[in-house]
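Quick note: numbers below take in every heavy atom, side chains included, and nothing from hydrogens, waters or symmetry partners.
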Amino acid sequence: MEYRRLGKTGLKVSEISLGSWLTYGGYVEEQNAAASIDKAYDLGINFFDTANVYMRGEAEVVVGKALKKYARDSFVLATKVFWPMGDGPNDRGLSRKHVIEQCHASLKRLNTDYVDIYYCHRFDAETPLDETLRALDDLVRQGKVLYVGVSEWTAEQISEAVHLADKKLLDRIVVNQPQYSMLQRYIEKEVLPVSEKHGIGQVVWSPLAQGVLTGKYKKGEKAPAGTRAAQEKYSSLSGFLTEENLDKVELLKGVAQENDLSLANLALAWILRQSNVASALVGASRPEQVEENVKASGVRLSAETLATIEDILR
């Protein structure tokens, strides 16, 4: 496993990190979730990601329990705040009340005194930005949060937050968690340039396009039993399962074979070609999936291979 600095901070995270969206706390048995986390740790993954909203806190409980056996200073733990955690009017968003209360609730579920990274899971247009930044700054000063991040914020929102933090001497955003893959590249136009300018690193989610870039789905064939596409609750996959995308996947398989890589490892190595990307966040329901994904760490694709991939993706 190779490690990268997170933006311009001194924090080093594994190139492949393990997440818990659509996996732990309900979709995957706790035993398999714990085994996947153990395998990840054994293989050098030091970065584990979750969120309060994943199964309404259950994912945090599973992650916290699995990591408890390891020295706290040996791994980087991230969680998030924004989405509804109850039915009340203050049970959502980025108000001081919700941010502070949810941080305390997450720490309790994770069974830890602090989280390394605390993300604003989305932008909250109903809360003044300085209110959110001050609440996060307080958590940093209290030692409950070490670094502050955002997820799926626009370039304009990131810039505004950076300038406001500098103006009011508040703790700065150092990491962004956007969706990024061969089939979803929106961050390349504005988010990456703005992030690089301000020293903000990327930890990207869904780098395998929710499994489409593993090659398991084929045009004209029914989704294999047990896969996400075969289950109605994964309706978000439909945007990736287009004929055009599946044609691209077939061509990318050939490129992967030419480079003695699995398609998943080709897709992850392609993500990691970006120097501003600190880590690619993968999910796993079985330890074997973790073993396969970590093989992408340290892989460097040639200029010729990258050009071929670009032609296919266009």
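Looking at Glu15, its side chain does come within 3.5 Å of a backbone N or O of Gly298 through a donor-acceptor pair. Using a distance-only test at 3.5 Å, with no hydrogens or angles considered, a donor-acceptor pair links the side chain of Asn276 to the main chain of Ile200. Put simply, the side chain of Ser14 gets close to the backbone of Asn46: a donor and an acceptor are under 3.5 Å apart. Judged by distance alone, with hydrogens and angles left aside, the side-chain atoms of Ser159 form no donor-acceptor pair with the main-chain N or O of Glu156 at under 3.5 Å. Arg5 places a side-chain N or O within 3.5 Å of a backbone atom of Lys8 that can act as its donor or acceptor partner. Judged by distance alone, the side chain of Asn293 and the main-chain N or O of Gln289 form a donor-acceptor pair under 3.5 Å. The main-chain N or O of Tyr147 is never found under 3.5 Å from a side-chain atom of Tyr118 such that the two would form a donor-acceptor pair. Remark: side-chain polar atoms of Glu101 are not paired, donor with acceptor, to backbone N or O of His98 under 3.5 angstrom. Side-chain N or O atoms of Thr214 include one that pairs as donor or acceptor with a backbone N or O of Gly211 at under 3.5 Å. At distances below 3.5 Å, not a single donor-acceptor pair connects side-chain atoms of Ser297 with backbone N or O atoms of Val294.
Under the 4.0 Å criterion applied to side-chain N and carboxylate O atoms, Lys144 and Asp113 are not assigned as salt-bridge partners. Using a 4.0 Å cut-off between a side-chain N of Lys or Arg and a carboxylate O of Asp or Glu, Arg92 and Asp124 do not qualify as a salt bridge. In summary, Arg300 and Glu2 engage in a salt bridge, as defined by a charged side-chain N under 4.0 Å from a carboxylate O. Ionic pairing of Lys80 and Asp49 is present here: one or more N-O contacts between side-chain nitrogen and carboxylate oxygen are shorter than 4.0 angstrom.
Ile16 CD1 to Phe47 CZ: the interatomic distance, rounded to the nearest 0.5 Å, is 12.0 Å. Note that CG of Leu139 is 6.0 Å distant from NE2 of His104, once rounded to the nearest 0.5 Å. Atoms OG and CD1, on Ser20 and Ile37 in that order, are 7.5 Å from each other to the nearest 0.5 Å. The structure places CG of Asn52 at 5.5 Å from OG1 of Thr79, a figure rounded to the nearest 0.5 Å. Rounding to the nearest 0.5 Å gives a distance of 7.5 Å between CD1 of Ile100 and CG of Leu136. Atoms NZ and CZ, on Lys12 and Arg4 in that order, are 13.0 Å from each other to the nearest 0.5 Å.
Pairing each heavy atom of Ile271 with each of Pro207, the nearest pair is CG1-CB, 4.1 Å.
Side-chain contact check for Ser181 versus Leu213: some heavy-atom pair is nearer than 4.5 Å. Side-chain contact between Glu58 and Arg109 is absent, with no heavy-atom pair separated by less than 4.5 Å. Considering only heavy atoms from C-beta on, Ser17 comes within 4.5 Å of Val203 through its side chain. At least one side-chain heavy atom of Arg172 sits under 4.5 Å from a side-chain heavy atom of Asp166. Contact of the Cys103 side chain with the Val145 side chain is registered, since non-hydrogen atoms from C-beta on lie closer than 4.5 Å. Taking the side chain as every heavy atom from C-beta outward, Thr154 and Val191 never approach each other to under 4.5 Å. Considering only heavy atoms from C-beta on, Ser151 comes within 4.5 Å of Arg122 through its side chain.
Evaluation of the ring pair (Phe, Tyr, Trp, His ring centres under 6.0 Å) rule for Tyr3 yields no partner, not counting sequence neighbours. Annotation: salt bridge (Lys or Arg N to Asp or Glu O under 4.0 Å) contacts of Lys108 (sequence neighbours excluded): none. Partners of Asp247 under the salt bridge (Lys or Arg N to Asp or Glu O under 4.0 Å) rule, at least two apart in sequence or in another chain, are Lys219. Residues passing the ring pair (Phe, Tyr, Trp, His ring centres under 6.0 Å) test with His163 are His198, sequence neighbours excluded. By the ring pair (Phe, Tyr, Trp, His ring centres under 6.0 Å) test, Tyr41 pairs with Tyr70, sequence neighbours left out. For Glu292, the salt bridge (Lys or Arg N to Asp or Glu O under 4.0 Å) partners two or more places apart in sequence, or in a different chain, are Lys295. Applying the salt bridge (Lys or Arg N to Asp or Glu O under 4.0 Å) rule to Lys197 yields no partners; only residues at least two apart in sequence or on another chain are considered. When the ring pair (Phe, Tyr, Trp, His ring centres under 6.0 Å) test is applied to Phe123, the partners found at least two apart in sequence or on another chain are Trp153.
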Practice prompt. Please assess Met182 against Ile309 for the test side-chain contact (heavy atoms from CB on, under 4.5 Å), listing each intermediate value before the final yes or no.
Written response: CA-CA 9 Å; Met182 288 175 163; Ile309 292 172; 3.9 Å; yes
Practice prompt. Show the numbers, then the answer: is there a side chain to side chain donor-acceptor pair (under 3.5 Å) between Glu60 and Thr50?
Written response: CA-CA 6 Å; Glu60 287 181 322; Thr50 188; 5.4 Å; no
Worksheet item: Going through the checks in order, is the side chain to side chain donor-acceptor pair (under 3.5 Å) test met by Gln202 and Ser195?
Response: CA-CA 8 Å; Gln202 312 297 309; Ser195 296; 2.8 Å; yes
Discussion item. Would Gln177 and Leu281 count as a side-chain contact (heavy atoms from CB on, under 4.5 Å) here? Give the steps.
Written reply: CA-CA 9 Å; Gln177 190 178 119; Leu281 188 58; 3.7 Å; yes
Worksheet item: Should Val150 and Tyr119 be marked as a side-chain contact (heavy atoms from CB on, under 4.5 Å) after you check the CA-CA gap, both sets of side-chain angles, and the distance that decides it?
Response: CA-CA 5 Å; Val150 298; Tyr119 290 102; 5.7 Å; no
Item to complete: Would you check, one step at a time, whether the test side-chain contact (heavy atoms from CB on, under 4.5 Å) holds for Leu146 with Ile117?
Response: CA-CA 6 Å; Leu146 302 189; Ile117 299 170; over 6 Å; no
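Within a 6.0 Å sphere centred on CD of Glu304, other residues, nucleotides and ligands contribute 12 heavy atoms or fewer. Residue Arg141 places its CZ atom among 12 or fewer non-hydrogen atoms of other residues, nucleotides or ligands, all under 6.0 Å distant. Counted within 6.0 Å of NZ on Lys189, heavy atoms from surrounding residues, nucleotides or ligands total 12 or fewer; the atom is thus considered open.
Tracing side-chain contacts under 4.5 Å through hydrophobic residues (I, L, V, M, F, W, Y), one never reaches Val61 starting from Leu77; they form parts of separate clusters.
Under the 6.0 Å distance and 45° angle rule, Arg72 counts as a cation-pi partner of Tyr114.
Sorted by first then second residue, the ring-ring contact (aromatic ring centres under 6.0 Å, His included) pairs that include residues 279-314, not counting sequence neighbours, number zero. Among pairs with a residue in residues 260-311, those fulfilling ring-ring contact (aromatic ring centres under 6.0 Å, His included) read Tyr180-Trp270, at least two apart in sequence or across chains.
Under the 3.5 Å distance criterion, with hydrogens and angles disregarded, no donor-acceptor pair is assigned to the side chains of Asp311 and Thr308.
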If you look only at distance, which donor and acceptor atoms sit under 3.5 Å apart when one is on a side chain in residues 250-257 and the other is two or more places apart or in another chain?
from: Glu250; atom 1: OE2; to: Lys253; atom 2: NZ; distance (Å): 3.0
from: Lys253; atom 1: NZ; to: Gly215; atom 2: O; distance (Å): 3.4

Distance-only donor-acceptor hits, side chain of residues 82-91, under 3.5 Å, sequence neighbours excluded:
from: Asp91; atom 1: OD2; to: Asp87; atom 2: N; distance (Å): 3.4
from: Asp91; atom 1: OD2; to: Gly88; atom 2: N; distance (Å): 2.8

